[in-house]
Protein chains: 2
Amino acid sequence: MLEVAPTDQASDTRRRILDAAEQIFADFGYAASGMKMIAAEAGVAQASLHYHFESKEGLYEKVVERRTAAINSARRSALEGLVAQDRSNDLEAILDALFRPALSPEAGGVNYARILAAMSSASKGRDVELVRRYYDDIAHHFIEVMARAVPPHDRRAAAWAYSYSIGALVSQMAHTGRSERLANEAPEQSDFEKRLRRLVRFCAAGIREVMVEEAESGAAN
Amino acid sequence: MLEVAPTDQASDTRRRILDAAEQIFADFGYAASGMKMIAAEAGVAQASLHYHFESKEGLYEKVVERRTAAINSARRSALEGLVAQDRSNDLEAILDALFRPALSPEAGGVNYARILAAMSSASKGRDVELVRRYYDDIAHHFIEVMARAVPPHDRRAAAWAYSYSIGALVSQMAHTGRSERLANEAPEQSDFEKRLRRLVRFCAAGIREVMVEEAESGAAN
DNA sequence: GTCTATATTTAGATAGAC
DNA sequence: GTCTATCTAAATATAGAC
């Protein structure tokens with residue numbers, strides 16, 4: 001028994017706190033969430049949160065970190081699968097690899113999706129830094145792949161189209177229920193594959209359009 | 001002099017408070033913004049905020065209300081202009097009417113845009129209610145117009161495509177600087193018309209794709 | 001209508017027993 | 001490692017002079 005391994009009880013407490021924090025942060029946002037709320041949700045003393053994560057800030061970062069690794073690792077695996085299948089130029093498949101791990105109920109869950117949606121809309125402060133730290137690498141990777149897949153292979157146009165696509169994705173991840181309300185659908189009427197496919201087709205068409213247009217109008221900005 | 005008209009001084013104070021609140025709410029988000037901060041930014045006593053707006057909640061709603069009216073009124077005017085010009089089926093022009101008032105520096109300003117971006121990513125609570133109150137009518141209006149403009153005129157498909165488009169729009173309104181970073185551009189290098197046109201083309205292509213696809217796969221969900 | 005001063009509540013964080 | 005109890009700072013909101 002090495003001492004690097006925490007006790008089973010401590011490990012379980014950490015996980016329970018992370019789950020509770022994810023839930024509370026998703027529901028109320030970072031600033032409006034209280035450490036007392038999180039402690040109550042987790043069923044532990046408030047002091048336990050500070051013992052394991054030091055501060056509210058530290059707890060928040062760990063909540064984000066836990067999910068990000070899983071999502072981006074799934075994205076990279078999916079991309080590698082495409083290369084192995086010689087489908088590197090299949091834009092719809094590329095977007096599927098980008099969106100599916102983020103929308104999937106398994107990888108992260110809807111609570112983390114809501115946290116990410118809030119992070120993405122921030123224009124300054126901690127959330128901007130977290131987006132950069134956890135998502136810029138994967139973004140550059142996908143932009144490069146998209147630029148190679150779609151003629152005339154304009155990397156800058158691909159970057160803008162990528163940003164629009166992430167915007168559309170994030171708006172769907174948050175699950176505000178607004179899309180269904182506007183479409184006159186029951187909140188859970190549309191199944192996952194259908195939603196994913198619709199979003200993929202929307203973005204693929206937009207990406208092709210922007211990349212062609214950008215080339216037509218010249219490289220100057 | 002009727003007493004319904006407030007004094008010039010009071011009217012100016014109200015406006016200064018609204019401007020300051022808009023700035024602070026945009027920078028820190030609702031929960032992390034303090035009434036003391038806002039009072040300091042406006043150069044008035046904190047008590048003055050409560051005198052004019054009663055509570056933090058009331059102040060926030062007035063901040064949102066002030067800009068929303070201007071934006072949506074500009075959108076409706078632009079749509080009417082299209083009808084008058086017999087361009088009701090010009091999808092790019094319709095999207096221009098939808099996006100321009102929201103992205104324009106005059107109508108609202110970048111601070112309000114950031115507040116709206118935060119509101120749009122909320123999945124429960126006050127912000128969801130505000131989005132519904134201030135933006136559902138105009139959304140239904142534009143969805144109807146889009147459905148009429150694009151064959152095969154599927155209203156439900158138009159609603160989903162509208163949601164994606166708003167997601168892409170909002171991600172750009174927040175001006176996080178991330179798009180420019182990913183595209184390797186200086187933050188203020190790209191001019192307004194160029195950005196607007198690129199976003200319009202992206203969404204127009206996506207909308208056409210989704211509406212055709214939806215019709216091909218049948219009406220069943 | 002605007003101010004200073006303060007009441008009241010709640011936040012994040014810590015001390016110390018077990 | 002987990003708890004109870006508490007500290008200190010900061011929040012919203014209010015009272016009352018001018």
Side-chain angles (χ1 to χ4, degrees), chain A residues 1-64 115 118 125-127 130, chain B residues 1-64 115 118 125-127 130:
Chain A
M1 298 294 167
L2 298 175
E3 44 222 15
V4 286
T7 69
D8 283 356
Q9 186 187 3
S11 171
D12 181 64
T13 298
R14 273 184 70 99
R15 189 188 51 72
R16 291 227 320 284
I17 292 173
L18 285 172
D19 288 344
E22 190 173 83
Q23 169 88 20
I24 299 292
F25 284 140
D27 282 350
F28 300 99
Y30 176 82
S33 296
M35 295 294 267
K36 291 182 212 293
M37 278 191 252
I38 296 171
E41 176 77 21
V44 300
Q46 188 197 342
S48 189
L49 275 58
H50 287 95
Y51 174 80
H52 285 286
F53 301 96
E54 193 160 40
S55 65
K56 183 183 178 183
E57 189 80 23
L59 174 56
Y60 181 72
E61 294 202 10
K62 289 298 180 188
V63 166
V64 174
I115 293 173
R126 176 202 53 241
D127 283 346
L130 287 178
Chain B
M1 297 297 166
L2 298 175
E3 43 222 16
V4 285
T7 70
D8 283 356
Q9 185 187 1
S11 172
D12 181 63
T13 298
R14 273 184 70 100
R15 189 189 51 72
R16 292 227 319 284
I17 292 173
L18 285 173
D19 289 343
E22 191 173 81
Q23 168 88 20
I24 299 292
F25 284 141
D27 281 350
F28 300 99
Y30 176 81
S33 296
M35 296 292 267
K36 290 180 211 296
M37 280 191 249
I38 296 170
E41 176 78 20
V44 300
Q46 188 196 341
S48 189
L49 275 57
H50 286 96
Y51 174 81
H52 285 286
F53 300 97
E54 194 160 37
S55 65
K56 183 184 179 182
E57 189 80 22
L59 174 55
Y60 181 73
E61 294 202 8
K62 289 299 180 188
V63 166
V64 173
I115 293 172
R126 175 201 56 241
D127 283 347
L130 287 178

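Contacts between residues 40-56 of chain B and DNA chain D, defined by a heavy-atom separation below 4.0 Å, involve B/Gln46, B/Ala47, B/His50, B/Ser55, B/Lys56, listed by number. If you check residues 27-34 of chain B against DNA chain D, the residues with a heavy atom closer than 4.0 Å are B/Ser33, B/Gly34, listed by number.
Residues B/Tyr30 and B/Lys56 share a closest heavy-atom pair of O-NZ, 3.0 Å. Here the shortest heavy-atom pairing between B/Ala31 and A/Ala31 reads CB-CB, 3.5 Å.
Atom P of nucleotide C/dA13 and atom CG of A/Leu59 are separated by 10 Å, given to the nearest angstrom. With rounding to whole Å, B/Lys36 atom NZ is found 11 Å from D/dA9 atom C1'. Protein atom CZ of B/Phe25 is 13 Å distant from nucleotide atom C1' of D/dA11, rounded to whole Å. Distance A/Met35 CE to D/dA5 P: 20 Å, rounded to the nearest Å.
Contact of the A/Tyr60 side chain with the A/Leu130 side chain is registered, since non-hydrogen atoms from C-beta on lie closer than 4.5 Å.
Qualifying side chain to side chain contact (heavy atoms under 4.5 Å, CB included) partners for B/Ala118, counting only residues two or more places apart in sequence or in other chains: A/Ser121. Judged as a side chain to side chain donor-acceptor pair (under 3.5 Å), and not counting sequence neighbours, the contacts of A/Arg15 are A/Asp12, A/Asp19. Under the rule for a salt bridge (Lys or Arg N to Asp or Glu O under 4.0 Å), the partners of B/Lys62 that lie at least two apart in sequence or sit in another chain are B/Glu65.
Residue B/Thr13 places none of its side-chain N or O atoms closer than 4.0 Å to OP1 or OP2 of C/dG1.
Here the CD1 atom belonging to B/Ile24 is positioned 13.0 Å from the CD1 atom belonging to B/Ile17, to the nearest 0.5 angstrom.
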For residues 34-54 of chain A, which side-chain N or O atoms pair as donor and acceptor with protein atoms under 3.5 Å away, sequence neighbours left out?
unit_1, atom_1, unit_2, atom_2, d
A/Lys36, NZ, A/Gln46, OE1, 3.4

